[in-house]
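Numbers here are sequence positions counted from 1. Quick note: numbers below take in every heavy atom, side chains included, and nothing from hydrogens, waters or symmetry partners.
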Amino acid sequence: MGKLFLVPTPIGNLGDMTFRAVETLNEADLILAEDTRVSSKLLKHYNIHKPLISFHMHNEHRKLSEVISKLKSGLTIAVISDAGTPGISDPGFLLIREAIVNNIEVNCLPGPTALIPALIQSGLSAERFVFEGFLPPKKGRIKRLENLIDESRTIIFYESPHKILKTLNQLIDFFGPERAVSVSRELSKIYEETFRGSLSEAADHFFHHVPKGEFVICLLGSQKNNR
Ligand code: SAM
């Protein structure tokens with residue numbers, strides 16, 4: 001039996017690649033990448049020369065049995081996504097589940113992911129939190145938000161620059177304008193910024209400062225039952 005490794009890659013700062021991530025990719029027989037063009041640049045930077053095949057949300061179902069056969073034949077396979085940890089709002093889950101069903105060893109290396117630094121530097125409680133990832137664009141969006149109304153843990157969302165304002169305004173509708181929020185963008189990059197304040201202050205800030213880059217929203221949980 002081979003082994004399956006999930007290897008986190010930097011979310012913006014190349015210095016965040018771990019020694020073990022480089023070592024694991026160098027020792028793999030095959031690397032599955034979400035976007036081979038994006039990953040080729042990273043692998044070139046670290047002088048890693050390994051066979052690379054694409055593995056993304058549009059082909060992961062189709063490629064699953066082929067990858068499992070390769071693992072069963074003894075190959076060591078590493079999975080990387082465009083940025084951060086595979087399986088966190090990125091492909092990986094289906095393969096991990098199938099590998100476990102087939103008794104193949106699965107190892108995820110610790111490493112970069114956007115939610116943890118955003119949560120820690122938000123100043124909101126990190127003792128208990130829920131990760132919501134991206135809200136659905138249309139169907140199911142309202143239901144997801146309704147289900148969070150009484151959530152007392154810190155709530156984390158991922159968001160893109162063109163939807164951040166819409167989402168902040170919608171969060172005001174559900175959680176009220178005074179609810180504390182922290183919005184981090186461009187984590188680990190040159191123009192990294194974290195805005196902390198109320199939801200209405202955050203919406204006002206990003207209305208006046210054109211949102212650029214990638215965003216993580218950390219929202220204070222409901223304080224109703226915490227008193
Ligand atoms: N696998 C990644 C992880 O472990 O965080 C997440 C991939 S998901 C497709 C991309 C989203 O992650 C972005 O839209 C943004 O919400 C968040 N993200 C990724 N990099 C970020 C960064 N440098 N700063 C802020 N948010 C980031």
Side-chain angles (χ1 to χ4, degrees), residues 8-13 34-35 38 56-58 60 81-93 112-126 128-226:
T9 55
I11 57 167
N13 188 325
E34 189 183 2
D35 184 331
V38 171
H56 46 70
M57 60 189 265
H58 303 294
E60 60 180 336
S81 63
D82 288 355
T85 301
I88 298 290
S89 300
D90 267 342
F93 167 69
T113 188
L115 70 123
I116 298 298
L119 170 66
I120 300 304
Q121 69 193 37
S122 72
L124 301 173
S125 172
R128 294 167 70 236
F129 62 89
V130 281
F131 175 60
E132 283 290 318
F134 292 100
L135 284 167
K138 286 192 183 95
K139 195 167 169 277
R141 189 176 170 97
I142 300 294
K143 190 94 205 111
R144 280 270 288 276
L145 288 166
E146 279 172 356
N147 287 343
L148 290 168
I149 287 198
D150 293 326
E151 177 56 65
S152 61
R153 295 166 290 186
T154 302
I155 310 165
I156 307 173
F157 302 98
Y158 277 175
E159 198 44 283
S160 63
H162 58 279
K163 293 210 201 106
I164 185 78
L165 207 50
K166 174 188 166 189
T167 296
L168 287 172
N169 281 316
Q170 204 167 23
L171 293 180
I172 291 176
D173 295 342
F174 280 83
F175 303 97
E178 300 305 326
R179 178 74 69 95
V181 71
S182 169
V183 184
S184 291
R185 66 175 197 98
E186 299 285 78
L187 288 157
S188 80
K189 302 187 192 178
I190 296 173
Y191 297 108
E192 172 167 352
E193 175 194 9
T194 291
F195 181 91
R196 302 176 189 86
S198 65
L199 274 171
S200 62
E201 286 166 344
D204 186 59
H205 175 81
F206 289 107
F207 179 75
H208 289 102
H209 301 84
V210 180
K212 285 189 190 142
E214 303 184 271
F215 289 80
V216 183
I217 303 172
C218 299
L219 185 67
L220 177 72
S222 166
Q223 302 296 291
K224 251 191 244 158
N225 301 320
N226 285 356

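More than 12 heavy atoms of other residues, nucleotides or ligands lie within 6.0 Å of NZ in Lys189, so this atom counts as buried by the packing criterion. Shown here is Ile190, whose CD1 atom has no more than 12 heavy atoms of other residues, nucleotides or ligands within 6.0 Å.
Judged by distance alone, with hydrogens and angles left aside, the side-chain atoms of Asp204 form no donor-acceptor pair with the main-chain N or O of Ser200 at under 3.5 Å. Using a distance-only test at 3.5 Å, with no hydrogens or angles considered, no donor-acceptor pair links the side chain of Gln170 to the main chain of Lys166. No donor-acceptor distance shorter than 3.5 angstrom exists from the side chain of Glu60 to the backbone of His58, with no hydrogens or angles considered. Between the side chain of Glu159 and the backbone N or O of Phe215, no donor-acceptor pair lies under 3.5 Å.
Nearest approach of Arg179 to Leu220, heavy atoms of both residues: NH1-O, 2.7 Å. Taking both residues in full, the closest heavy atoms of Ser184 and Thr194 are given as OG-OG1, 2.8 Å, listed atom of the first, atom of the second, then distance. The two residues Pro117 and Leu187 make their nearest non-hydrogen contact at CB-CD2, 4.5 Å. Looking at every heavy atom in both residues, Tyr158 comes nearest to Ser89 through CD1-OG, 3.5 Å.
Separating the CE atom in Met57 from the CD atom in Glu34 is a distance of 9.0 Å, to the nearest 0.5 Å. Residue Asp82 holds its CG atom at 7.5 Å from OG1 of Thr9, rounded to the nearest 0.5 Å. Atom NE2 of His162 is separated from atom NZ of Lys212 by 16.0 Å, given to the nearest 0.5 angstrom. The line from CG of Asn169 to CD1 of Ile172 is 5.0 Å long, rounded to the nearest 0.5 Å. To the nearest 0.5 Å, the span separating CG on Leu219 from CZ on Phe175 amounts to 5.5 Å. For the atom pair CD1 of Ile120 and SG of Cys218, the computed distance is 9.0 Å after rounding to the nearest 0.5 Å.
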Residues Arg185, Tyr191; criterion side-chain contact (heavy atoms from CB on, under 4.5 Å); working and verdict: CA-CA 8 Å; Arg185 66 175 197 98; Tyr191 297 108; 4.2 Å; yes

Verdict with supporting geometry, Leu148 and Phe174, side-chain contact (heavy atoms from CB on, under 4.5 Å): CA-CA 9 Å; Leu148 290 168; Phe174 280 83; over 6 Å; no

CA sep, side-chain torsions, deciding dist, call: Gln121, Val216, side-chain contact (heavy atoms from CB on, under 4.5 Å): CA-CA 11 Å; Gln121 69 193 37; Val216 183; over 6 Å; no

side-chain contact (heavy atoms from CB on, under 4.5 Å) assessment of Leu168 paired with Phe206: CA-CA 9 Å; Leu168 287 172; Phe206 289 107; 3.9 Å; yes

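A 4.5 Å side-chain heavy-atom check between Lys163 and Pro211 finds every atom pair outside the cut-off.
Checked against side chain to side chain contact (heavy atoms under 4.5 Å, CB included), Thr85 has the following partners two or more places apart in sequence or in another chain: Pro8, Ile88, Cys108, Thr113.
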Pairs of donor and acceptor atoms involving the side chains of residues 128-136, under 3.5 Å and at least two apart or interchain, shall be tabulated with distances.
from	atom 1	to	atom 2	distance (Å)
Glu132	OE1	Arg144	NE	2.8
Glu132	OE1	Arg144	NH2	3.3

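Considering Leu115, Leu171, Ile164 in turn, Leu171 is the only one that fulfils the side chain to side chain contact (heavy atoms under 4.5 Å, CB included) rule with Phe157.
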